[in-house]
Amino acid sequence: MAALIHRPEYAGYDFGPEHPFTPARLAMVLDLIQSLGHTLSPIAAPAATREEILTVHDEAYVAMVEALDRGEARPEAERFGLGTPDNPVFPGMDLAARWLVGGALHGARLLMAGTETRVLQLGGGLHHAQKDRAAGFCMYNDLAVAIQACVAHGWRVAYLDIDLHHGDGVQNLFYGDDRVLTVSLHETGHYLYPGTGHIQELGTGPARGLSVNVPLEPFTESESYLEAFDAVVPRALEWFAPQVLVVQAGADAHFTDPMGDLALTTQAFQGLYRRILDLAATHTQGRVLLTLGGGYEPQVVARVWTILYLTLMDLPIPERLPQAWLERWRDRLGPEPGSTLHDPVPAYPELPGREERNRRNRDIVARLQDSLFRYWL
Ligand SMILES: [Zn+2]
């Protein structure tokens, strides 16, 4: 069983109808879970306070968000990553972002209080937000605020990022902190935003060896992805011995996602979720906090995150999508949404170059292990 955190105010984190990070994705997930016959009574967490935001962000940056939110003209906004195509300014954005941070923080508090072991924040996952600027659709770093609260509680925190993109914001915020391990699997930064997440980024000072990056080749498929995961993540957790696992569960590594070129199927995502629960059971007494993240193909995101919810709740995964749900979301689902919760098998025709791609991924994992193991003694 898992606790679900969500509130209608999350829909206010909205950069406009043309922007891909649309809150409609959350509405589709909630509707799909309920259409499958499950009653939802999510926990409505309070918004994070300004002081809580300041546990990871600079005051000057937060003041800039607030000023732009009030409608003040600030020519220097772009230096803070705001008023850009990725992060347009909109009225109410400060509070909208604080609602999302508050959800992740509340989830961390439920774990710290011992009232829950599995928590899903249905929203957020703003892993690109930096100490002093917005980036990549992310204004305040909800994950980092939750991690910081766990650190203040005396815990060692393992952060795992399965988004298509490198979790650069979280990595940077804890790059020198030996109480936080960050592990990110992503499409290599040689081809994809934000251009970081290379194997040489290992952390600094006492945290050397605590920043772990698995950059994967474009068109990496499920089997090769899971092989890399299994070669790195369990050993990292075993060595670090964390008290809690925090996960950014973006869905944009799916093969249909328009933002990049990893090629996971829904079956691979379910395999990842099972691994995450097993790792939490083995290393953190079951304690795990998950947020959402990227994911830009609406019909896939709805299916993947519904599978996440059902897996966390130990519920069976039904085969078919409810007809009423398909009809309600017809405009968002596109012309051929499919009728099953999982992808068909096989999900797509064989991609050329598989052997060479898998060999390159094995090579990068071997080089990463060589670098890390000297610190993991
Ligand atoms: Zn992403």
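Just so you know, these numbers use all the heavy atoms, side chains as well, and skip hydrogens, waters and symmetry mates. Ligands are counted one by one from 1 in listed order, and the atoms in each one are counted from 1 as well.
Using the six-membered ring where Trp is involved, Tyr296 and Phe21 have ring planes that are tilted, between 30° and 60° apart. Note: Phe373 and Trp376 have tilted aromatic rings, judged against thresholds of 30 and 60 degrees for the angle between ring planes.
For Asp163, the N, O or S atom closest to the Zn ion (ligand 1) goes by the atom name OD1. Within Asp252, the N, O or S atom at minimum distance from the Zn ion (ligand 1) carries the name OD2. Nearest to the Zn ion (ligand 1), among the N, O or S atoms that His165 has, is ND1.
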Please lay out, stage by stage, how Gln34 and Leu30 fare under the test side chain to side chain contact (heavy atoms under 4.5 Å, CB included).
-> CA-CA 6 Å; Gln34 291 175 99; Leu30 290 165; 4.2 Å; yes
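Annotation: Tyr140 is in aromatic contact with His57 [ring centroid separation under 6.0 Å].
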